[in-house]
2 protein chains.
Amino acid sequence: MAGKNLVGPEADALDLGTVFRALADEHRRSVMTELAADRSDSERGCNSFNLPISKQTQTHHFRVLREAGLIDEIDYGNRKGIRLRRADIDKRFPGLLTLLGAESPGGTAPR
Amino acid sequence: MAGKNLVGPEADALDLGTVFRALADEHRRSVMTELAADRSDSERGCNSFNLPISKQTQTHHFRVLREAGLIDEIDYGNRKGIRLRRADIDKRFPGLLTLLGAESPGGTAPR
DNA sequence: CTTCAGGTACGATGCAAGTCGTACCTGAAG
DNA sequence: CTTCAGGTACGACTTGCATCGTACCTGAAG
C-alpha cells in the first residue's frame with residue numbers, strides 16, 4: 001500500500017539556478033510558501049492547495065518542484081502525495097524556507 | 001560630478017517573486033554573486049563583470065536587477081556605476097545574500 | 001568642431017515556459 | 001464487470017524573455 005517515491009535530485013545536487021527558476025512562478029511559490037509554513041511537514045494531497053489552474057498544469061508544476069529537489073512526490077497510482085524536503089533544503093540552502101515563510105500571510109491563506 | 005541615481009523600488013516594496021525571477025538568470029545571478037562576495041560594497045563599473053553578452057543585453061539585465069530593487073544604477077551620462085543595495089536586501093530578505101555568497105566560486109563563504 | 005567609447009531605445013527573432021484540450025491510465029467503489 | 005475521480009502523456013497555443021542589429025544619445029579627449 002505504500003506508494004513509491006518519484007525520483008528527484010540528491011541533496012548535494014540541488015542547483016540554485018534551478019531552485020530560483022522553480023520559485024519564480026507564482027503558483028509554485030504559493031505551494032512552497034504553504035508547505036514552508038506547516039512545521040509538521042505532513043504529507044499533503046495535490047488538491048489541498050486550491051490552485052486556480054487545470055490539473056494538467058498542476059501536474060507540470062509539481063514536476064518542476066520535484067525536479068528542482070524541493071518536494072517529494074509519492075505515487076499511489078490514482079492519487080499522489082506531496083511532501084516538503086525540508087531537511088535537504090535546509091542543509092543545502094539554509095535560510096531559503098525562512099525567506100518563503102516570511103511571505104506567508106499568516107498560515108493558511110487562500111487568495 | 002555626482003551622477004543621479006536611477007530610481008528603483010523602496011526597500012519595503014521589494015517583491016519576492018520579482019527577486020526570484022531576476023535571480024533565475026545565470027548572468028544576473030553571477031553579477032549578484034560577485035557583488036555579494038565583495039563586503040566593501042564599492043561602486044563598480046558595468047564592464048568589470050566580463051559578461052559574455054552584448055552591451056544591449058547587459059543594459060537589459062542591469063535594468064531588471066535595478067527594477068527588482070537589488071542594485072542601484074548611478075548614471076554619469078556616458079558611464080554608469082553599479083552598487084549592491086545590501087542594507088535594503090538584508091532588511092527585507094535576510095539570508096538571501098548569504099545564499100548567493102555560498103555559490104561563490106572563491107568568494108566570501110560563511111564559515 | 002570631430003572622434004570615440006559607454007550606454008540607451010526600439011524592433012525583430014528565437015527559444016523556453018505556462019496553459020489547456022484530448023486521450024489514456026490507475027485504483028477504488030458500486 | 002462498469003463507473004468515476006485523480007493523475008499523466010502528448011500536442012498545440014500563447015506569452016514571456018534573453019539576445020542581438022541598427023540607430024541614436026552623452027560626455028570626454030583630441
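Below, chains carry the letters A, B, ... as their sequence lines are ordered, and counting in each starts from 1.
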- Whole Å only: how far is the CZ atom of B:Arg21 from the P atom of D:dT15? 17 Å
- Item | side-chain contact (heavy atoms from CB on, under 4.5 Å) against B:His60, all qualifying residues, sequence neighbours excluded | B:Arg28, B:Val64
- With B:Gln58 via side-chain hydrogen bond (donor to acceptor under 3.5 Å, both in side chains) - residues at least two apart: none
- Query: How would you list, by chain and number, every residue that makes a side-chain contact (heavy atoms from CB on, under 4.5 Å) with A:Glu67, sequence neighbours excluded?
  - Reply: A:Arg63
- Item | Residues that A:Ser30 engages under side-chain hydrogen bond (donor to acceptor under 3.5 Å, both in side chains), provided they are two or more places apart | none
- Message: I need the full list of ring pair (Phe, Tyr, Trp, His ring centres under 6.0 Å) pairs touching residues 4-25 of chain B, with sequence neighbours left out, sorted by first then second residue.
- Response: A:Phe20-B:Phe20
- Lys/Arg N to Asp/Glu carboxylate O, A:Lys91 vs A:Asp12, below 4.0 Å: yes
- Item | Presence of B:Ser54 side-chain N/O under 4.0 Å of D:dT19 phosphate oxygens OP1/OP2 | no
- Under a 4.0 Å heavy-atom cut-off, which of residues 22-29 of chain B touch DNA chain D? B:Asp25, B:His27, B:Arg28
- Does anything in residues 44-62 of chain A pair up under salt bridge (charged side-chain N to carboxylate O under 4.0 Å, His left out), and if so which pairs, sequence neighbours excluded? A:Glu34-A:Arg44
- Counting Watson-Crick and G-U wobble pairs whose two distances are both under 3.5 Å, find the runs of 3 or more in a row that involve DNA chain C. C:1-30 with D:1-30
- Task: Apply side-chain contact (heavy atoms from CB on, under 4.5 Å) to A:Thr98 and list each qualifying residue two or more places apart in sequence or on a separate chain.
- Result: none
- Query: Can you name the residues that form a side-chain hydrogen bond (donor to acceptor under 3.5 Å, both in side chains) with A:Thr59, not counting sequence neighbours?
  - Reply: none
- Got a sec, which residues hit side-chain hydrogen bond (donor to acceptor under 3.5 Å, both in side chains) with B:Arg86, two or more places apart in sequence or on another chain? B:Asp41
Polar atom pairs (N or O), protein with nucleotides 1-9 of chain D, under 3.5 Å:
unit_1	atom_1	unit_2	atom_2	d
D:dG7	OP1	A:Lys80	N	3.4
D:dG7	OP2	A:Asn47	OD1	3.0
D:dG7	N7	A:Lys55	NZ	3.1
D:dG7	O6	A:Lys55	NZ	3.4
D:dT8	OP1	A:Lys80	NZ	3.1
D:dT8	OP2	A:Thr59	OG1	2.6
D:dT8	OP2	A:Lys80	NZ	3.1

